[in-house]
Participant: 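Okay, here's the structure, questions in a sec.
Atoms considered below: every heavy atom in the structure, side chains included; atoms not considered: hydrogens, waters and symmetry mates. None of these values were measured; they are calculated from a predicted model.
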Amino acid sequence: MALAVRVIPCLDVDEGRVVKGINFSDLRDAGDPVELAARYGREGADEVTFLDVSASSSGRSTMIEVVRRTADTLFIPLTVGGGVRSAEDVRALLRAGADKVSVNTAALARPELLRELSEQFGAQCIVLSVDARRSAEQPSGFEVTTHGGRRSAGVDAVEWARKAQELGVGEILLNSMDADGTRDGFDLELIRLVRAAVSIPVIASGGAGKAADFPPAVEAGADALLAASIFHFGVTSIPEVKEALAGAGAEVRR
């Protein structure tokens with residue numbers, strides 16, 4: 001029996017509030033993260049992801065409290081990322097109630113951090129977040145970016161995903177920075193390339209505009225599908241997305 005495709009709403013949290021924009025700019029308020037997470041849990045989300053978009057040291061305590069309050073009411077896995085730089089950061093988030101922790105920039109600065117975290121907390125707890133955009137300068141045609149897609153890391157995105165698997169991460173959260181917030185559909189080429197390079201689960205993110213955009217991403221190789229604004233602002237719902245996936249032959253949890 002095939003594993004069920006996971007549908008994951010993503011909540012970008014800034015100073016304790018959910019925000020959303022296009023390509024990480026022009027952010028607008030989308031509500032209280034604890035209330036939204038609880039609602040998505042009731043609607044049938046398979047997991048919830050929080051990304052701390054301010055990720056400052058001053059905002060860390062706020063995020064810990066948001067995670068703690070959410071974990072008290074949520075009965076599905078919670079992944080938290082943004083500004084995670086050390087084992088101490090991971091430990092604090094897991095103790096607050098997160099099930100998984102997403103790492104991005106700090107791993108680019110020191111890839112061995114991924115191995116250390118996976119060995120210390122278990123591969124199932126560690127997710128590598130890859131913010132990728134098109135680039136003719138990289139062999140795969142995609143490069144890794146930082147700072148919300150504004151700065152090139154000078155690293156091939158597909159090779160980075162492959163290396164992260166070797167270092168022991170449990171999942172890849174694959175963000176298309178070209179598609180983020182545009183609602184033009186997932187970047188299927190990017191998904192296919194990363195799927196061919198790794199055997200661990202790939203979570204596709206960036207570009208979902210309607211329920212019909214989700215099945216093609218699964219066909220391209222995504223194990224899970226992450227979206228934000230279309231859920232926050234009522235463009236479509238988790239039940240509608242699962243209906244579209246089931247109609248296309250994908251296994252989903254009802």
Participant: Does Tyr40 have any ring pair (Phe, Tyr, Trp, His ring centres under 6.0 Å) partners at least two apart in sequence or in another chain, and if so, which?
Facilitator: His232
Participant: Strictly below 4.0 Å, N to O, side chains only: are Asp46 and Lys242 in salt-bridge contact?
Facilitator: yes
Participant: Salt bridge between Glu143 and Arg151, side-chain N to carboxylate O under 4.0 Å?
Facilitator: no
Participant: With Arg6, which residues qualify under salt bridge (Lys or Arg N to Asp or Glu O under 4.0 Å), at least two apart?
Facilitator: Glu47, Glu171
Participant: Do Asp223 and Ile203 have side chains that approach each other closer than 4.5 Å (heavy atoms only, starting at C-beta)?
Facilitator: no
Participant: Minimum heavy-atom separation for Cys10 and Ala228, please, with both atom names.
Facilitator: O-CB, 3.3 Å
Participant: Look at the side chain of Glu240 and the backbone N and O of Ser237, then say whether any donor-acceptor pair between them is shorter than 3.5 Å.
Facilitator: yes
Participant: If the condition is side chain to side chain contact (heavy atoms under 4.5 Å, CB included), which residues does Arg91 pass it with, not counting sequence neighbours?
Facilitator: Glu88, Arg95, Gln120, Phe121
Participant: Within a strict 4.5 Å, meaning less than it, do heavy atoms of the Ile238 and Arg39 side chains meet?
Facilitator: no
Participant: Determine whether the side chains of Asp131 and Thr145 contain a donor N or O and an acceptor N or O closer than 3.5 Å.
Facilitator: no
Participant: For residues Gly41 and Leu74, report the shortest heavy-atom separation together with the two atoms involved.
Facilitator: CA-CD1, 4.4 Å
Participant: With clusters defined by side-chain heavy atoms of hydrophobic residues (ILVMFWY) lying less than 4.5 Å apart, directly or transitively, does Leu173 cluster with Leu193?
Facilitator: no
Participant: With sequence neighbours excluded, tell me which residues meet side chain to side chain contact (heavy atoms under 4.5 Å, CB included) with Glu243.
Facilitator: Arg254
Participant: Can you tell me if Asp178 uses its side chain to pair, donor with acceptor, with the backbone of Arg134 under 3.5 Å?
Facilitator: yes
Participant: Less than 4.5 Å apart, any side-chain heavy atom of Phe50 and any of Thr70?
Facilitator: yes
Participant: Any side-chain heavy atom of Thr79 within less than 4.5 Å of one from Val48?
Facilitator: no
Participant: If the condition is ring pair (Phe, Tyr, Trp, His ring centres under 6.0 Å), which residues does Phe186 pass it with, not counting sequence neighbours?
Facilitator: Phe214
Participant: According to a hydrophobic-cluster definition based on side-chain heavy atoms being under 4.5 Å apart (Ile, Leu, Val, Met, Phe, Trp, Tyr only), do Val53 and Val127 belong together?
Facilitator: no
Participant: Examine distances only and state if a side-chain atom of Asp156 and a backbone atom of Ser140 form a donor-acceptor pair shorter than 3.5 Å.
Facilitator: yes
Participant: Does some side-chain heavy atom of Val241 sit less than 4.5 Å from a side-chain heavy atom of Thr236?
Facilitator: yes
Participant: Leu93, Val66: one ILVMFWY side-chain cluster at the under-4.5 Å cut-off?
Facilitator: yes
Participant: My understanding is that only residues two or more places apart in sequence, or in another chain, count here; which of them pass salt bridge (Lys or Arg N to Asp or Glu O under 4.0 Å) with Glu112?
Facilitator: Arg115
Participant: Which residue pairs pass the ring-ring contact (aromatic ring centres under 6.0 Å, His included) test with at least one member in residues 77-113, sequence neighbours excluded?
Facilitator: none
Participant: Would you name the heavy atoms of Leu11 and Ala37 that are closest together and state the gap between them?
Facilitator: CD2-N, 4.1 Å
Participant: Where is the tightest heavy-atom contact between Ala250 and Val5, given as atom of each residue plus distance?
Facilitator: CB-CG2, 4.1 Å
Participant: What are the two closest non-hydrogen atoms of Val202 and Val198, and how far apart are they?
Facilitator: CG2-CG2, 3.8 Å
Participant: Treat each ILVMFWY residue as a node, draw an edge where side-chain heavy atoms are under 4.5 Å apart, and state whether Val103 and Val155 are in one component.
Facilitator: yes
Participant: Measure the shortest side-chain to side-chain distance between Pro111 and Leu167 over non-hydrogen atoms and say whether it is less than 4.5 angstrom.
Facilitator: yes
Participant: Glu251 side chain to Ala4 main-chain N or O, any donor-acceptor pair under 3.5 Å?
Facilitator: no
Participant: Do any N or O atoms from the side chain of Asp32 and from the backbone of Glu35 form a donor-acceptor pair under 3.5 angstrom?
Facilitator: yes
Participant: Go through Glu116 and Arg110 one step at a time and tell me if the salt bridge (charged side-chain N to carboxylate O under 4.0 Å, His left out) criterion holds.
Facilitator: CA-CA 11 Å; Glu116 294 168 7; Arg110 191 171 72 85; 2.9 Å; yes
Participant: Do you know which two heavy atoms are closest between Leu128 and Ala107, and how far apart they sit?
Facilitator: CD1-CB, 4.1 Å
Participant: If we ignore hydrogens and angles and just use 3.5 Å, is the side chain of Asp99 paired with the main-chain N or O of Leu78 as donor and acceptor?
Facilitator: yes
Participant: One thing to verify: whether Arg162 and Glu159 come together as a salt bridge, which I'm taking to mean a side-chain N less than 4.0 angstrom from a carboxylate O.
Facilitator: yes
Participant: Who else is in Phe75's hydrophobic cluster (ILVMFWY, side-chain heavy atoms under 4.5 Å, direct or via others)?
Facilitator: none
Participant: Can you check whether Val218 reaches Leu225 side chain to side chain, under 4.5 Å on heavy atoms?
Facilitator: yes
Participant: Could you pull out all residues at least two apart from Pro216 that satisfy side chain to side chain contact (heavy atoms under 4.5 Å, CB included)?
Facilitator: Leu188
Participant: Among residues two or more places apart or on two chains, list those pairs meeting side chain to side chain donor-acceptor pair (under 3.5 Å) that have a residue in residues 199-217.
Facilitator: Gln165-Ser199, Asn175-Ser205, Lys210-Asp213
Participant: My understanding is that only residues two or more places apart in sequence, or in another chain, count here; which of them pass side chain to side chain contact (heavy atoms under 4.5 Å, CB included) with Ala244?
Facilitator: Ala211, Pro215
Participant: Tell me every residue that passes ring pair (Phe, Tyr, Trp, His ring centres under 6.0 Å) with Phe142, counting only those two or more places apart in sequence or in another chain.
Facilitator: none
Participant: Does any part of the side chain of Ile172, heavy atoms only, come nearer than 4.5 Å to the side chain of Ile200, both counted from C-beta?
Facilitator: yes
Participant: Taking the side chain from Arg183 and the backbone from Gly209, do they hold a donor-acceptor pair closer than 3.5 Å?
Facilitator: no
Participant: Quick check on the hydrophobic clustering: are Leu226 and Ile76 connected, directly or via other members, by side-chain heavy-atom contacts under 4.5 Å?
Facilitator: no
